[in-house]
Amino acid sequence: MAKNMLVGADRTLTRKLREAILAIRIEETLPKDRILELYLNEIFLGYQAYGVAAAAQAYFNKSLDELTLGETAFLGVLPKGPNNYNPLRFPDAARARRDWVLDRMAEDGAVTAAEATAAKAEPIVPRLLRRPEVVQVGQHFTEDVRRELTSRFGQEQTNMGGLVVRTSLDPTLQASTEAALRVGLTAYDRRRGGFRGPVAKISAAATEWLPALEAVARPGGALPEWKLAVALEVRDREARLGWLEKPDPRGPAQPRTAALALEDAAWARRALGEGRLGAPPRRMQDVLAPGDVVLVEQLPAVAAQGRTPARPARLALRQIPGVEGAVVALDPATGRVLAMAGGWSFERSQFNRATQAQRQPGSSFKPFVYLPALEAGIPPTQRFLDAPIEINTPQGPWRPGNYGDGVTNSYVSIRTALEKSLNLVTIRVAQEVGMDKVSETAARFGVIPNMPRYLAMSLGSGETTVMRMAAGYAAFVNGGRAVAPTLIDSVQDQRGRVVWRSDNRGCAGCGAASAAAGPPELVDNRRQITDPIAAYQMVNLLTGVVSRGTGAAAGKGLGRPVAGKTGTTNDYVDNWFVGFTPDIVIAVWMGFDEPRSLGNGETGGSNAAPIFHDVLEAALRGSPAVPFRAPPGVALVRMQDGSMEAFRPGTENAARPPSEDPARGTAVGLDQGLGGLY
């Protein structure tokens, strides 16, 4: 009791001495029953319950005097280890330990043998008052929260200190984010990964397959609805598979069988290595052989509709993708992370690719190259030369090109260059503003601290994380203020005192003495890392990337303003899409853990953008379309194509009719106001 209530959790000799002194004084002051009462009202008993009265409410939604003998005995189990005897997760262990407690009570004469026997017959039926102990999604998010708590408060205080932690997680959006990522990874895996063969091979004999299948370990990362099944019989158009089910968790496994049609395994081309795939299967024998153990999902039966015949319940072939991905969704106004998926499955890998993986951002880095030009007063309609360029490096001449070698050999505007993701124009802009300025911008936005000053870095060959990219883009939409992503809103100790809070904004007029002066005002004290006009110009440019550029798949059918940028690195190793609306920023990455090509033509626009689309659709479902807010002073000019371009005051005259670029802009060479380097 002295340790729990008075001393704290530090492991030092001084603490043990203080504990001993306090324990002696407590013994001299209080009777044993009172000490036990205080102890039982303090200890942690699971489900955020401290003390037996709170535990009675948490587990059974009853007060102490309403508990049955069996329920009371169960509470007596919990001090030994609340997690080990959780009645939902470990019902058998909880019941066995409860019965042991009842036997001891009978031995000690606290109850009669008949009462103990009757109480043992009671099932343990939790009626949880609070929300479930574990949200079934967001394990990567939760693990990062645990790491941060451990870093701030120490291991023992985090695990045993009774902290109440409020996080920014939106469970509904988190579930949708994880589902969208898995859909995207599965789509790529079926298109490019091919079928990598069975999980295991066992005997398909009628008397042997059941125990053999029971012994096969379930692969880490297999979804809960997937089953391990063995091919019992394989024909040309279908295979009969068997699997095990446990209708009663305490009973034996029961065999089940169903058919897997060739059409539900049509994607299963054999992986031949080095990104090569075999021909599509013509017969089921091209996919399975008797004894193959594979993952399947049982699809529901479909009722007949009109001329469409009914279809019975059937199986579909499933496979854990070899490719990985990550998603971060955060609030640009506060930095609160609303959802984060660090990979296909936390069970498969606890490595969080959203916060721990350093990957090249590719063209999704380009906004941080063009932003210094906008800050310097260069209008979005300014023309730059899109033509071959050679740059001397210590390793020899470097001859970068556009994606697909699409060189126009003409002048194009900043807007067109960003919408088409033109590498050659980006390099010329980086040369014009200087790599020192580009590197400083990347550090200012927190995307790549201490970025080397090489021109190749302007095309996104540095390394960053998904979380950093999301935070960097958030500064565009919130008017140019720095964003520090946070997973934790507040932390309270076991007495309810707030010991840490992520929102450190000042509140002018919050004191009682200032109540008469009017309503309080929250002061946004975040650092201004770019001016609001340059930030809005970038937002306006990035809406064009989605509406008519490389990121068209990101906003398709959403019916609201969406901005963002695709990213694809050399040899198609990393795919990105980072985008936003006024209310949310979402960053998506896809690639292999051991960097290698995703395949020729696999781009951020085709892989990452659809995942972004699905996450955004889930996040904003049912909400009205909100336009991006223009800051005071920005000049909005209607262009010939009917769209609006944003100018810094005094640069509007650059919006005269175009002569070469059909999209927009003025036919101005770099010698007009940009130093004449080319």
Side-chain angles (χ1 to χ4, degrees), residues 1 4 33 35-139 142 146 158-165 171 175 214 218 223-225 227 244-254 346-347 494:
M1 192 187 78
N4 287 346
D33 287 349
I35 295 172
L36 180 61
E37 176 189 344
L38 292 171
Y39 175 75
L40 291 176
N41 283 326
E42 283 287 334
I43 57 175
F44 177 64
L45 296 173
Y47 279 109
Q48 303 181 14
Y50 288 84
V52 289
Q57 290 284 346
Y59 286 96
F60 302 111
N61 198 14
K62 295 180 179 179
S63 60
L64 279 175
D65 58 357
E66 295 175 321
L67 296 178
T68 66
L69 176 58
E71 291 167 343
T72 304
F74 169 73
L75 294 189
V77 168
L78 295 176
K80 181 175 174 62
N83 292 329
N84 296 335
Y85 301 107
N86 183 314
L88 293 180
R89 297 170 62 192
F90 308 111
D92 295 338
R95 187 184 183 101
R97 186 69 182 175
R98 189 275 310 269
D99 292 350
W100 181 87
V101 170
L102 288 167
D103 288 338
R104 286 299 313 275
M105 293 175 72
E107 289 175 17
D108 292 345
V111 298
T112 66
E115 289 173 331
T117 302
K120 287 182 184 180
E122 294 180 20
I124 301 177
V125 183
R127 298 178 179 86
L128 302 181
L129 174 65
R130 306 182 184 199
R131 64 179 181 269
E133 182 183 36
V134 178
V135 176
Q136 296 304 314
V137 293
Q139 287 89 343
T142 305
R146 187 197 64 78
T158 297
N159 294 338
M160 302 295 293
L163 301 178
V164 176
V165 183
E214 217 169 3
R218 185 177 174 85
L223 300 185
E225 59 269 23
K227 310 172 188 296
L244 305 176
E245 284 187 359
K246 278 194 170 186
D248 182 354
R250 293 172 293 184
Q254 300 295 323
F346 186 77
E347 178 190 12
Q494 58 184 324

Participant: Tell me if a side-chain donor or acceptor on R95 pairs with a main-chain N or O of K120 at a distance below 3.5 Å.
Facilitator: yes
Participant: Could you give the distance from CG (D33) to CG (L38), rounded to the nearest 0.5 Å?
Facilitator: 11.0 Å
Participant: State, to 0.1 Å, how close K227 and R218 come at their nearest heavy-atom pair, and which atoms those are.
Facilitator: CA-NH1, 4.2 Å
Participant: Would you tabulate the side-chain donor-acceptor contacts of residues 69-81 under 3.5 Å, counting partners in other chains and residues two or more places apart, or write 'none'?
Facilitator:
unit_1	atom_1	unit_2	atom_2	d
E71	OE1	K62	NZ	3.0
E71	OE1	T68	N	3.0
E71	OE1	T68	OG1	3.4
E71	OE2	K62	NZ	3.2
T72	OG1	T68	O	2.9

Participant: Could you measure the distance from the CG atom of N159 to the CZ atom of F44? Nearest 0.5 Å is fine.
Facilitator: 10.0 Å
Participant: For the backbone of R97 and the side chain of Y85, can you confirm whether one donor and one acceptor N or O come within less than 3.5 Å of each other?
Facilitator: no
Participant: Minimum heavy-atom separation for Q136 to Q139, with atom names?
Facilitator: O-NE2, 3.7 Å
Participant: Enter the distance from L45:CG to Y59:OH here, rounded to the nearest 0.5 Å.
Facilitator: 7.0 Å
Participant: Using the side-chain contact (heavy atoms from CB on, under 4.5 Å) rule, take M105 and E115 through it: C-alpha gap first, then chi angles, then the decisive distance, then the call.
Facilitator: CA-CA 10 Å; M105 293 175 72; E115 289 173 331; over 6 Å; no
Participant: Minimum heavy-atom separation for A106 to A116, with atom names?
Facilitator: CB-CB, 4.2 Å
Participant: Identify, with sequence neighbours excluded, every residue that meets side-chain contact (heavy atoms from CB on, under 4.5 Å) alongside E347.
Facilitator: S345
Participant: Kindly give the heavy-atom pair with the smallest separation between A253 and E214, and that separation in Å.
Facilitator: CB-OE2, 3.8 Å
Participant: How long is the straight-line distance from CG of N83 back to CZ of R89, given to the nearest 0.5 Å?
Facilitator: 6.5 Å
Participant: Would you say that more than 12 heavy atoms from the other residues, nucleotides or ligands in this model lie under 6.0 Å from the CG of D108, or not?
Facilitator: yes
Participant: Could you pull out the closest heavy-atom pair between P171 and V137, with the gap in Å?
Facilitator: O-CG2, 3.8 Å
Participant: List the atom of V125, the atom of F60, and the distance in Å for their closest heavy-atom pair.
Facilitator: O-CD2, 3.7 Å
Participant: Mind checking what makes side-chain contact (heavy atoms from CB on, under 4.5 Å) contact with L40, not counting sequence neighbours?
Facilitator: L36, I43, V52
